[in-house]
Structure formats: C-alpha cells, structure tokens
Amino acid sequence: MADEHEHEIQHMIDPSVPDLSPLETLRHSAAHVMAAAIKKLWPDAKLAFGPHTAEGFYYDIEMAHRLVPEDFEKIEAAMQAEVDGKHPFKREEISREDAIKFFESIGETFKVEAIAAIPTDAPLTLYRSGDFVDMCRGPHVANTAQIRSFKLMSIAGAYWRGDESRPQLQRVYGTAFSDRKELKEYLKMLEEAKARDHRKLGKELGLFHFDPIAPASPFFTGRGTTIYNLLQTYVRQLYRRHGYEEIITPQIFDMELFRTSGHYEHYKDNMFACTIDEREFGVKPMNCPGHCILFRQTRRSYRELPVRFADFGRLHRYERAGVTHGLTRVRSFAQDDAHIFCMSEQVGEEIAKVTAMILECYRTFGFDDPEIEVSTRPAAFLGEQETWDRAESALMAALDAAGLKYQINKGDGAFYGPKIDFKVRDALRRSWQLGTVQLDFQLPERFGLEFVAADDSRDRPVMIHRAMLGSLERFFGVYLEHVAGRFPTWLAPVQVAVLPITDAHHEWTKEVEAALKARGLRVETDLRSEKLGLKIREATLLRVPYMLVLGDKEVEARGVAPRSRQGQTGELESLATFVDRLAIEATIPG
C-alpha cells in the first residue's frame with residue numbers, strides 16, 4: 001500500500017512517468033469527476049489519492065458518512081451533472097507555498113501532507129473542472145462531457161499512505177469506458193467472473209476450505225489435494241527433463257541466516273518469528289537462503305555447474321488481513337521454486353533454457369501468449385550499480401537472443417537483482433503474473449559461495465531464482481477460474497463417474513469400475529438408489545469429465561456409452577476401447 005501511494009505522488013510531479021493512454025486519461029479524469037460529486041454531496045469529505053487502475057479508477061476519501069452501495073445511484077447522478085456541465089479541465093502551475101496555502105484554506109489536509117513528500121524542486125500543477133480543484137500532473141480529457149460511460153463498483157477500506165497507524169479512508173472504486181457498449185461488455189465479464197470466483201467454485205466442488213483457526217491458510221480436501229499433487233507431478237516431470245535436483249530444506253532458521261541474506265532488513269515485517277532457546281528464529285518466507293547454505297556444503301568444481309536446486313518446501317509470509325484473498329493471497333503456500341548456480345558465461349544459456357521451460361509450461365495450461373516484463377533496479381537495492389547494470393543487460397540479451405518481445409518495468413526489481421516476470425491472460429482476459437526469473441549477484445557474495453575454476457582459482461557463481469507457476473495455491477485459484485472448474489481430464493480429481501440405473505446393473509458396474517482403476521484412472525461409482533437424473537446432475541455440477549450410465553443395453557453389449565460433462569453422449573463402444581482412449585487422455589503432460 002505504501003508503495004502504491006508513493007507511486008501516485010511520483011505520478012503527480014514526475015515528467016519522466018510515461019504518459020497515460022487515452023483510456024487511462026479518461027479514467028483518471030473520471031476519478032476527478034467522482035471526487036467532485038462526492039464533495040458536493042458531502043462537503044466535509046477530505047480527499048487523498050485518486051488514480052486510474054487497470055480496471056478503472058478509485059479515490060481514497062475521509063468522511064463522516066459511511067458509504068454503502070445504496071449511495072452509488074446518488075453519486076452517479078451527481079457525476080452525471082458534472083458531465084452535463086461540460087466543464088473544461090484547466091491546468092495551472094502553482095508554487096509549493098501557494099499550493100500549501102490553498103489546500104490548507106479548504107481543509108484538504110491529505111493534499112498538504114502529500115505536497116510535503118514532493119521534492120522541493122519539482123513543479124506542481126493543479127487541474128480545475130467547474131468548481132472542483134485537484135492536484136496532479138495530468139493529463140485529462142478536454143472537458144467532463146467526454147466522460148460518458150461510467151459506473152461505481154465497490155467500496156473498500158485503505159489506510160492513508162498504507163500505514164495502519166494513520167487514518168482509515170474509504171476507497172470508492174469505479175470504472176469508465178469510451179462508450180456504453182464497452183462498459184456493458186465489461187459488466188458482463190464481471191458477472192462471469194463472479195460465477196468463476198475460485199472461492200465459490202472451491203466450495204461447490206469440495207476442493208478447499210478456510211477456517212479462522214488458521215487465517216489465510218487453506219485446508220485442501222482429498223479432491224483438492226489430488227489436483228495440488230498433480231500440479232507438482234507435472235512440474236517434476238519437467239524437472240527430470242531439464243536437469244533439476246529436487247531437495248528439501250528446513251522450515252525454521254536462526255534469524256542470522258536472514259541477516260546474512262538481507263531479508264531481515266528488507267522483509268522482516270512479512271515474516272513469522274519466534275524465540276527458541278533464547279535465539280530468534282524465523283519461519284522461512286522463501287527458499288533461496290537455505291539453498292545457498294546447501295550449495296556451500298560441498299566443494300564445487302566448474303565442471304559441476306550449473307547446479308539446479310528445486311524445492312517444494314512450505315513457505316510462510318505474514319500478509320495483512322486486509323489484503324489476503326482466497327487462494328491468490330495466502331500466508332501458507334508452496335512454490336515450484338528453483339535456484340540455479342552457474343558461471344557468468346552460462347547465464348545467457350540458462351536464462352534461455354528457463355524461459356523455454358516456462359513457455360512450455362504455460363502452453364500446457366492454455367496460456368499461449370504470455371506478456372514478458374523486465375523489472376530493473378529499485379530505489380532500495382543491494383550491491384553496486386555496475387553489477388546491476390551487468391545483470392539487467394544479461395536478462396535482456398537472453399530474451400533478445402530468443403526473439404521474445406518484452407516491456408521494461410522500471411524500478412520494480414527485487415532488492416537483490418533484476419527479474420523477468422511472465423504475465424498470462426485467463427479466459428476472461430484478466431492479467432495474472434505467474435512466473436519469474438531473477439538474476440542475483442548479491443546472495444552468492446553475501447554467503448561467500450565459491451567454485452573451483454578451470455585454472456584452480458576460486459570464483460563466485462551467479463544465482464538465478466526461477467518459478468513457473470509461482471505459488472501453487474495462487475496458481476490453483478487462477479487456473480480454477482480460468483477453466484471454470486472444468487479441469488482437463490489429466491488434472492480432474494474424478495475422471496469418470498459410473499452411474500448404474502438400477503441394482504440389476506451393479507455387477508457390470510463393478511467390472512467397469514475395476515477395469516478403470518486397473519489403469520490408474522480416478523473413478524467414483526454411485527450405487528445409491530436415487531433417480532438417474534439426480535446422479536447425472538450431481539456429477540455434472542462436480543464437472544466430472546465423463547459419466548458412464550449403465551443400463552440393460554450396456555450390460556448386454558458389455559460396453560459403455562460415455563457422456564461428457566457438456567451433456568453429449570457418445571456411441572456405445574467396448575469397455576476396453578473406452579479405457580484405452582481415456583488412459584491416453586488422462587496422461588500427465590510433459
């Protein structure tokens with residue numbers, strides 16, 4: 001939250017911040033219109049920040065009235081009045097002193113504090129539209145009449161400057177589009193997103209649960225665990241092909257480990273700590289420091305490099321209650337995490353191999369065109385700028401050599417090194433950041449890692465951090481929504497539901513079940529004395545890929561007529577033919 005607000009302050013005054021797109025400009029202007037409407041309805045309201053977002057815009061506001069969704073209609077009517085007024089957005093430069101005096105005079109204390117955080121030599125600008133005045137860099141649309149299609153969406157809480165000790169504000173979210181058709185399509189997508197919400201589907205399909213006894217830490221059922229383990233199995237098959245060694249490292253370390261790695265300084269607030277035998281310990285939030293310890297236990301030769309460690313160990317991070325969200329933001333999770341230790345001259349080849357493996361992985365799950373970003377040196381970083389420049393150049397050179405397009409995400413690298421992030425779009429075209437490749441010259445230095453070079457000298461390895469799916473919990477949630485619970489056959493927790501019509505068909509049912517299980521297929525047989533329609537409906541709601549309804553015709557032919565979860569029934573065929581075909585379809589990729 002704090003970083004988000006610092007970015008907004010930077011955007012107010014920094015001409016180097018990229019210009020907004022036409023849609024971003026429209027949405028930022030809509031945030032001003034919404035703020036103006038709220039100020040007219042509730043004059044005591046104090047304004048904080050009001051930026052555009054990937055999906056629309058919001059404004060953080062402090063006011064005595066507690067907003068509820070029932071207020072939206074009134075606010076939207078006031079916004080429409082601002083739009084109908086056709087007020088031009090007028091830009092004015094203002095001195096720091098005059099800006100402070102102005103906002104103090106109208107009681108906008110948050111604006112005054114924001115000005116104090118702006119460098120003294122930075123220019124300040126105001127934008128006026130009608131009676132409303134706000135401070136920002138712009139740009140804006142020409143006048144309010146251009147903001148024709150908008151809708152308020154939700155209300156949330158947000159602390160001023162992301163600090164829990166500061167005032168809690170009301171964050172009002174909205175969206176805006178250039179025409180009504182786009183807005184209508186967006187609202188339709190949101191309805192589909194509600195139907196696909198992984199928390200809703202997880203409950204309906206019996207995959208996982210949450211309980212206050214373990215906040216933001218999921219309990220996976222047998223069905224959910226089947227999917228979770230199959231995701232790991234798929235990744236492990238890639239590991240075998242690509243030369244990774246899977247290892248296991250401890251859960252709890254003396255905090256001295258994290259002081260050495262730099263995480264104590266940069267990450268301690270997100271860690272779970274405890275005191276044991278008068279020593280401070282931390283539950284590991286990431287695997288990399290432990291992997292450094294394991295690497296240095298053995299005298300390494302250049303002939304052994306690269307060394308590729310993979311680890312599914314459980315990780316724990318303290319996420320504040322306000323930001324946890326189902327499986328996509330949890331406190332307990334595992335990653336398909338790996339670290340590669342290599343020589344400097346091997347970096348390009350290793351980055352290329354890792355990138356190829358990640359892209360193959362995404363194709364398996366139907367994410368064919370990931371967006372790639374290179375995140376560069378942040379404001380707070382470890383090491384020397386020259387080392388960072390070398391690392392950033394190495395990442396970009398590897399992507400260039402592979403012919404991959406990418407964007408630069410300035411200043412968003414990890415504190416120990418630059419990174420490549422991979423973002424995919426799901427079935428609703430929402431963007432999700434999954435995989436990451438991070439180049440690290442710092443941890444090998446801090447842990448004193450060495451290998452024996454060809455000339456018998458001691459050299460320092462380079463460390464590559466790599467994840468494909470990222471957090472398995474988060475990927476589970478993202479993919480569950482992507483497929484709307486209709487997992488491919490190889491990943492479905494139950495692949496076949498066997499549904500006898502009456503007790504007279506139970507004997508053939510048992511033979512069918514035995515033949516399927518003999519091939520390792522996951523089967524559930526429903527022998528209840530319930531109506532067939534109910535059995536089919538329940539299996540369909542559980543998104544079981546195939547149902548085998550067994551009646552007189554199937555018993556007589558000693559065959560099956562598979563019914564898909566889409567409701568299509570195939571021709572009657574021999575049991576052996578169906579089992580052979582399904583066994584191929586159920587094979588884990590990779």
Side-chain angles (χ1 to χ4, degrees), residues 2 163-165 210-220 225 228 232 244-300 307-324 327 329-341 380-383 414-417 438 440-451 458 460-461 463 465-467 470-474:
D163 186 342
E164 293 178 5
S165 67
F210 286 90
D211 192 283
I213 201 67
S217 301
F219 291 76
F220 285 96
T225 301
Y228 197 96
Q232 289 189 344
Y244 285 80
E245 176 185 0
E246 189 173 345
I247 61 174
I248 298 174
T249 51
Q251 291 289 115
I252 300 175
F253 292 93
D254 190 304
M255 277 294 189
E256 192 59 37
L257 176 78
F258 301 110
R259 288 189 176 91
T260 300
S261 68
H263 289 99
Y264 191 89
E265 177 186 355
H266 292 268
Y267 207 78
K268 185 177 183 294
D269 289 344
N270 296 95
M271 293 175 62
F272 290 98
C274 57
T275 300
I276 304 172
D277 297 332
E278 300 182 357
R279 294 163 62 191
E280 187 181 18
F281 284 79
V283 182
K284 68 176 178 182
M286 67 285 295
N287 290 307
C288 35
H291 289 191
C292 289
I293 296 295
L294 190 58
F295 180 87
R296 76 182 186 189
Q297 296 304 307
T298 304
R299 189 167 183 263
R300 306 280 180 175
V307 170
R308 306 182 186 97
F309 287 156
D311 193 340
F312 284 110
R314 296 223 57 83
L315 306 174
H316 292 81
R317 299 178 183 177
Y318 172 59
E319 299 282 4
R320 286 169 174 76
V323 300
T324 57
L327 292 180
R329 197 74 177 264
V330 292
R331 293 176 177 174
S332 174
F333 61 99
Q335 292 179 319
D336 59 340
D337 197 14
H339 296 93
I340 302 167
F341 301 88
F381 62 93
L382 293 177
F415 68 86
Y416 50 78
Q438 302 170 2
D440 187 353
F441 291 87
Q442 309 304 327
L443 286 188
E445 183 72 31
R446 295 174 77 93
F447 280 96
L449 304 186
E450 293 181 342
F451 65 90
R458 300 295 185 270
R460 190 81 72 207
M463 189 175 180
H465 305 245
R466 189 243 64 204
S471 159
L472 294 181
E473 279 73 6
R474 184 169 180 272

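Remember, predicted model here, so these are calculated numbers, not experimental data.
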Contact check, side chains of [X] and [Y], non-hydrogen atoms, under 4.5 Å:
X    : Y    : value
M255 : M271 : yes
P289 : F447 : yes
D269 : Y318 : no
M286 : H465 : no

Minimal non-hydrogen separation, [X] against [Y], with atom names:
X    : Y    : value
Y244 : A338 : CE2-CB, 3.6 Å
P285 : F333 : O-CZ, 4.4 Å
V330 : P218 : CG1-CD, 4.1 Å
Q297 : I293 : NE2-O, 2.9 Å
A273 : E280 : CB-OE2, 4.4 Å
F272 : H316 : CD1-CB, 3.9 Å

[X] side chain to [Y] main-chain N or O, any donor-acceptor pair under 3.5 Å?
X    : Y    : value
S217 : P215 : yes
R308 : F341 : no
Q251 : R314 : yes
S471 : R474 : yes

With no hydrogens and no angle check, do the side chains of R331 and T324 hold a donor and an acceptor under 3.5 Å apart?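 No pair is found: no donor N or O on one side chain lies under 3.5 Å from an acceptor on the other.
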Within a reach of under 6.0 Å around CD1 of I276, are more than 12 heavy atoms found that belong to other residues, nucleotides or ligands? yes
Could you tell me whether R299 atom CZ has more than 12 heavy atoms of other residues or ligands within 6.0 Å of it? no
Ion pair check, [X] and [Y], cut-off under 4.0 Å:
X    : Y    : result
R329 : E473 : no
E445 : R460 : yes
E265 : R259 : no

Geometric cation-pi criterion, R300 with F295: 6.0 Å, 45°: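 Yes, R300 sits over the ring of F295.
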Audit row: V283, F253, side-chain contact (heavy atoms from CB on, under 4.5 Å) steps and yes/no: CA-CA 7 Å; V283 182; F253 292 93; over 6 Å; no
Take E256 and R279, measure what salt bridge (charged side-chain N to carboxylate O under 4.0 Å, His left out) needs, and give me the verdict at the end. CA-CA 10 Å; E256 192 59 37; R279 294 163 62 191; over 6 Å; no
Identify the residue among Q438, H291, R466 that makes a side-chain hydrogen bond (donor to acceptor under 3.5 Å, both in side chains) with H339. H291
Could you walk me through whether F219 and D211 pass the side-chain contact (heavy atoms from CB on, under 4.5 Å) test, one step at a time? CA-CA 8 Å; F219 291 76; D211 192 283; 3.9 Å; yes
If you round to the nearest 0.5 Å, how far is [atom2] of [Y] from [atom1] of [X]?
X    : Y    : atom1 : atom2 : value
I252 : C274 : CD1   : SG    : 5.0 Å
L257 : F281 : CG    : CZ    : 11.0 Å
H263 : C288 : NE2   : SG    : 4.5 Å
T298 : F451 : OG1   : CZ    : 15.5 Å
D337 : D311 : CG    : CG    : 6.5 Å
L472 : L327 : CG    : CG    : 11.0 Å

Mind running side-chain contact (heavy atoms from CB on, under 4.5 Å) on F309 and L294 for me, showing each step along the way? CA-CA 9 Å; F309 287 156; L294 190 58; 4.3 Å; yes
Go through the steps for K284 and L315 under the test side-chain contact (heavy atoms from CB on, under 4.5 Å), then give the verdict. CA-CA 6 Å; K284 68 176 178 182; L315 306 174; 3.9 Å; yes
